[in-house]
Amino acid sequence: MKASGDAFRARVLAAVQGIPSGRVMTYGSVAVLAGHPGAARQVGFVLRGLPDAADADVPWQRVVNASGGISTYRVGAGELQRALLEAEGVAFSAAGRCDLRVYGWWPPDAPG
DNA sequence: TTGCTGACTTGGC
DNA sequence: AGCCAAGCCAGCA
């Protein structure tokens, strides 16, 4: 349980670290890269468990929901995430969502 | 050990 | 367009 969970977390962090500045990925996509399609919720759980020291290494702000919106308002990091993304050049609509067709990212070396 | 919660997704209305 | 219900799996008490 711990072993597989640890591997899952490592895959998630690796996938998130692979997102370039100015681009975003959905939880579902990260879950697929982590080898667990459908485990989108756990992606958020892994990121939520990140220590502050890992924030610099893991651009968690580049992970958004399937609508291109911010899901971190639940943990009080929504404003920060949006500010970070806007600083990277990601534009948000009046509804607080970004266009995944424009900013959506997928690793070029990943299948798909 | 069991069981519940949750930074989500998808299909149907 | 938005809202409801079910499914997914990793942490934590």
Side-chain angles (χ1 to χ4, degrees):
Chain A
M1 168 177 172
K2 291 294 188 294
S4 52
D6 212 31
F8 174 77
R9 185 165 54 194
R11 296 284 185 182
V12 170
L13 299 184
V16 175
Q17 287 173 336
I19 309 174
S21 178
R23 288 288 186 272
V24 297
M25 263 180 76
T26 66
Y27 290 92
S29 296
V30 175
V32 171
L33 290 180
H36 286 266
R41 300 193 77 166
Q42 278 52 257
V43 174
F45 228 80
V46 169
L47 296 181
R48 179 179 181 264
L50 285 178
D52 295 336
D55 287 357
D57 295 331
V58 182
W60 56 268
Q61 71 271 18
R62 293 172 191 156
V63 182
V64 297
N65 61 26
S67 300
I70 306 295
S71 293
T72 54
Y73 286 112
R74 282 191 169 278
V75 290
E79 297 296 337
L80 172 62
Q81 179 172 9
R82 177 168 174 170
L84 289 171
L85 290 178
E86 288 182 328
E88 293 180 355
V90 177
F92 281 82
S93 69
R97 297 182 303 188
C98 63
D99 194 338
L100 292 177
R101 295 168 302 182
V102 177
Y103 304 107
W105 170 256
W106 185 265
D109 59 304

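These numbers come from a predicted model, not from an experiment. Order of the sequence lines fixes the chain letters, A, B, ..., with proteins taken first and strands second; residue numbering starts at 1 for each chain.
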* Letter per nucleotide, 5' to 3', of nucleotides 1-7 of chain C [B base touched, S only sugar-phosphate touched, - untouched; heavy atoms, 4.0 Å] -> ------B
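- To the nearest angstrom, C1' of B:dA7 lies 13 Å from CG of A:Leu80.
- A heavy atom closer than 4.0 Å to some atom of DNA chain B occurs in A:Thr26, A:Tyr27, A:Gly28, these being the qualifying members of residues 14-32 of chain A.
- Screening A:Ile19, A:Val24, A:Ile70 for a side chain to side chain contact (heavy atoms under 4.5 Å, CB included) involving A:Val63 leaves a single residue, A:Ile19.
- Residues that satisfy the side chain to side chain contact (heavy atoms under 4.5 Å, CB included) test with A:Ser71, not counting sequence neighbours, are A:Tyr27, A:Asn65.
- If you check every strand for non-hydrogen atoms under 4.0 Å, A:Arg74 touches sugar and phosphate atoms only.
- We find that CG of A:Leu47 is positioned 11 Å from P of B:dA7, with the value rounded to whole Å.
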* To do: Could you go through the side chain to side chain contact (heavy atoms under 4.5 Å, CB included) check for A:Thr72 and A:Val75 one step at a time?
  => CA-CA 5 Å; A:Thr72 54; A:Val75 290; 4.0 Å; yes
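- A straight line from NE2 of A:His36 to C1' of C:dG11 spans 14 Å, rounded to a whole angstrom.
- Toward the 5′ end of DNA chain C lies the nearest nucleotide of A:Ala40, the other residue of the pair A:Phe45 and A:Ala40 mapping further downstream.
- Residues A:Ala39 and A:Ala31 approach most closely at C-CB, 3.8 Å, considering heavy atoms.
- A:Trp60 has its CH2 atom 13 Å from the P atom of B:dA7, to the nearest Å.
- For residues 59-71 of chain A, the salt bridge (Lys or Arg N to Asp or Glu O under 4.0 Å) pairs, not counting sequence neighbours, are A:Arg62-A:Glu88.
- Scanning both residues, A:Phe8 and A:Val46, for their nearest heavy atoms gives CE2-CG2, 3.7 Å.
- Across every non-hydrogen atom of A:Val64 and A:Gly69, the tightest pair is CB-O, 3.2 Å.
- Sorted by first then second residue, the side-chain hydrogen bond (donor to acceptor under 3.5 Å, both in side chains) pairs that include residues 101-112 of chain A, not counting sequence neighbours, are A:Asp99-A:Arg101.
- Taking atom CZ on A:Arg48 and atom P on C:dC12, their separation rounds to 9 Å, with Å as the unit.
- The nearest pair of heavy atoms linking A:Ser67 to A:Leu100 is C-CD1, 4.3 Å.
- Contact check of residues 63-71 of chain A against DNA chain B (heavy atom, cut-off under 4.0 Å) returns A:Asn65, A:Ala66, A:Ser71.
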Distance-only criterion, 3.5 Å: show the donor-acceptor pairs between side-chain atoms of residues 89-97 of chain A and protein atoms not counting sequence neighbours.
| residue | atom | partner | partner atom | Å |
| --- | --- | --- | --- | --- |
| A:Ser93 | OG | A:Ala95 | N | 3.3 |
| A:Ser93 | OG | A:Arg97 | N | 3.3 |
| A:Ser93 | OG | A:Arg97 | O | 3.1 |

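- Pairs engaging residues 74-86 of chain A under the salt bridge (Lys or Arg N to Asp or Glu O under 4.0 Å) rule: A:Arg82-A:Glu86 [sequence neighbours left out].
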* **Secondary-structure notation, DNA chain C, from Watson-Crick and G-U pairs under 3.5 angstrom (| other strand)** => .||||||.|||||
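- Judged as a side-chain hydrogen bond (donor to acceptor under 3.5 Å, both in side chains), the pairs with a partner in residues 11-26 of chain A (not counting sequence neighbours) are, in order, A:Thr26-A:Ser29.
- Going from atom CG of A:Leu13 over to atom C1' of B:dA7 covers 14 Å, rounded to whole Å.
- Atom CH2 of residue A:Trp60 and atom CG of residue A:Leu80 lie 4.5 Å apart, to the nearest 0.5 angstrom.
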